[in-house]
Asks: 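Okay, here's the structure, questions in a sec.
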Amino acid sequence: MVITPELNYDQLTIAEATLIQQQLRGHLNLEPLQIEAKTIAGADISLDLYSETVYAGLVVMSYPDLQPIAYSLVKSSTIFPYIPGYLAFREIPAILKAYEQLPVKPDIVMFDGNGILHARRMGIASHFGVITDAITMGCAKKKLAGQYVDPGPSKGEYTQVTDKGEVIGYAVRTKDNVKPVFISPGHQMSLEDSLTLALKCTGKHRLPEPTRRAHEYVNRFRIGTLTEGYHEFDSRTLF
DNA sequence: GCGACAG
DNA sequence: ATCTTGTCGC
């Protein structure tokens, strides 16, 4: 089976999806970041319960300023159900459309989900990175795989998440006395890079800005406060 | 068989 | 993921 972005995920069996993940894993690159990031985007989807319609989008921000520059929103649909460990097959098709709609790609994409913090080291962030060759990382709100000890209560404290003897991510306290977030590299960055970026992207809230904004925008899109398409903020404010 | 289980 | 009221804490 040939893996391409055009492959139709909706009709795959779990066995086939697992095979694809194992195949993509062979293309993972976790070497240190090779660029100085100037932009980072958050990617996420929103949907109505029991609906096949999905509202996907990306919010591009300047880095390290973290000011919104532009966003891309696309309405699509998914048949593939949510199955822990296979989130990529449900969300990537829609996010890919929104990504392709961006005239200029962000240097890094942060996903609402995991990178290599996954049983087969192929969470949605890693999956997307490999098929598009983008630099990606994951930020999940709950643990999917591995073991860890709770990090200290202060913002900035973190512990390793390990699985089968290897470090696959970190449990990071992004806000005082608030549940940790799970960070891991997706593609083309190291474990350490993902941790550094996550901390540099987190401000006053639990979720790092890219993911937090993406979640906000796709939700507003679903509610009707924002419209489909590519939009950018007034360039005059950049002068 | 049992427990875990991103969004 | 989404639905939902109040409540606790900075």
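Numbered from 1 within each chain, the chains take letters A, B, ... in sequence-line order.
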Asks: Take the protein atom CG of D44(A) and the nucleotide atom C1' of dT2(C), then report the distance between them rounded to whole Å.
Replies: 13 Å
Asks: Between P on dA1(C) and CG on L144(A), what's the gap in Å once rounded to a whole number?
Replies: 14 Å
Asks: With side chain to side chain contact (heavy atoms under 4.5 Å, CB included) as the test, pick out the partner of C139(A) among L197(A), N114(A), T202(A), I183(A).
Replies: I183(A)
Asks: Dump the intermediate steps for ring pair (Phe, Tyr, Trp, His ring centres under 6.0 Å) on F80(A) and Y9(A), then the final yes or no.
Replies: CA-CA 7 Å; F80(A) 202 95; Y9(A) 288 166; 7.7 Å; no
Asks: Just compare dA1(C), dC5(B), dC3(C) and give me whichever is closest to any side-chain atom of R222(A).
Replies: dC3(C)
Asks: Starting at NZ of K141(A) and ending at P of dA6(B), how long is that distance when rounded to a whole Å?
Replies: 10 Å
Asks: Got a salt bridge between E209(A) and R212(A), using NZ or NE/NH1/NH2 to carboxylate O under 4.0 Å?
Replies: yes
Asks: Base, sugar-phosphate alone, or nothing: which one does G85(A) contact when heavy atoms must sit under 4.0 Å apart?
Replies: base
Asks: With a 4.0 Å cut-off on heavy atoms, is I45(A) in touch with a base, just the backbone sugar-phosphate, or nothing at all?
Replies: nothing
Asks: Pick from V181(A), L191(A), L199(A): which one makes a side chain to side chain contact (heavy atoms under 4.5 Å, CB included) with Y170(A)?
Replies: L191(A)
Asks: Quick check for you: among dG7(B), dA6(B), dT2(C), whose closest atom lies nearest to any side-chain atom of N219(A)?
Replies: dT2(C)
Asks: Could you tell me whether L87(A) contacts a base, only the sugar-phosphate backbone, or nothing, with contacts defined as non-hydrogen atoms closer than 4.0 Å?
Replies: base
Asks: Could you give the CG-to-P distance, from N177(A) to dG9(C), as a whole number of Å?
Replies: 11 Å
Asks: Nearest-Å distance, OH (Y170(A)) to P (dA6(B))?
Replies: 22 Å
